[in-house]
S.K.: 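Dumping the structure here so I can ask a few things about it.
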Amino acid sequence: IFFRDSGKMDQPIYGEDGWLQKWLIWAGALLGACFAAVALTSGVVVGRQRNWPLLIYSVVLVFQLATTFLLSHWYRQETLDPKFRYLIALLVGISILMMCNVLMFAYGVHCPGEVCGAYVDS
């Protein structure tokens, strides 16, 4: 009788995540982990075979991902101030760019002796 008009009895209390938000977080984390595993594996394998600076870049990527995961873990435990979410978003963006960079250098087109994408008239 008292709560008939509100219709919010099935909402989570105290800002808890709903089931859809939890599934989206887990799906994004799984997709990101798969992408990171492919990038790191490619960087290490190709780096050991023919491009040793790529191996060093992959080690730097490991430290970048560890920092990002540690900060996001602290944020989810609510031990960090909410304004740290902008820093975490920035770190996630940089991590995605670094993973793309590793994959580009591992499997990208190499143009020795000329500028890639530039038309050279002979």
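FYI, the numbering just counts along the sequence from 1.
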S.K.: Roughly how far apart are Gln77 CD and Ser72 OG, rounded to 0.5 Å?
M.R.: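 Reported to 0.5 Å precision, the distance equals 10.5 Å.
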S.K.: Between Arg76 (side chain only) and Leu71 (backbone N and O only), is there a donor and an acceptor less than 3.5 Å apart?
M.R.: no
S.K.: Just distance, no hydrogens or angles: give the donor-acceptor pairs under 3.5 Å from side chains in residues 24-34, sequence neighbours left out.
M.R.:
none

S.K.: Using 0.5 Å steps for rounding, measure from the CG atom of Leu61 to the CG atom of Leu97.
M.R.: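 Reported to 0.5 Å precision, the distance equals 11.0 Å.
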S.K.: Roughly how far, to the nearest 0.5 Å, is CG of Leu54 from CD of Gln49?
M.R.: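 Nearest 0.5 Å value for the CD-CG distance: 11.0 Å.
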S.K.: Under 4.5 Å between any side-chain heavy atoms of Val46 and Phe105, yes or no?
M.R.: no
S.K.: Got a sec, which hydrophobics cluster with Val59, joining ILVMFWY side chains under 4.5 Å apart, including via others?
M.R.: Phe63
S.K.: Honestly curious: do Val44 and Met104 fall in one hydrophobic cluster under the side-chain, below-4.5 Å linking rule?
M.R.: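 No.
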S.K.: Quick check for you: to the nearest 0.5 Å, what is the distance between Leu80 atom CG and Leu87 atom CG?
M.R.: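 Reported to 0.5 Å precision, the distance equals 9.0 Å.
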S.K.: Side-chain heavy atoms under 4.5 angstrom apart, residues restricted to Ile, Leu, Val, Met, Phe, Trp, Tyr: same cluster for Phe35 and Leu90?
M.R.: yes
S.K.: Taking all atoms of both residues into account, what is the closest heavy-atom pair of Ala106 and Arg50, and its distance?
M.R.: O-NH2, 2.9 Å
S.K.: When you measure from the side chain of Ser42 to the backbone N and O of Leu103, does any donor-acceptor pair fall under 3.5 Å?
M.R.: no
S.K.: Is it the case that one hydrophobic cluster holds both Leu55 and Val62, taking links as side-chain heavy atoms less than 4.5 Å apart, direct or via other members?
M.R.: no
S.K.: Can you tell me how far CD of Gln64 sits from CD1 of Ile96, rounded to the nearest 0.5 angstrom?
M.R.: 11.0 Å
S.K.: Run the side-chain contact (heavy atoms from CB on, under 4.5 Å) test on Val60 and Met98 for me, step by step, so that the C-alpha distance in whole Å, both residues' side-chain angles and the decisive distance to 0.1 Å come before the verdict.
M.R.: CA-CA 9 Å; Val60 172; Met98 286 178 71; 3.9 Å; yes
S.K.: What residues join Ile56 in its hydrophobic cluster, counting side-chain heavy atom gaps under 4.5 Å, either direct or through other members?
M.R.: Trp52
S.K.: Measuring from atom CG of Asp81 to atom OH of Tyr75, what distance do you get when rounded to the nearest 0.5 angstrom?
M.R.: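 Result: 9.0 Å between the selected atoms.
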S.K.: If we only count heavy atoms from C-beta on, is the Leu65 to Leu40 side-chain gap below 4.5 Å?
M.R.: yes
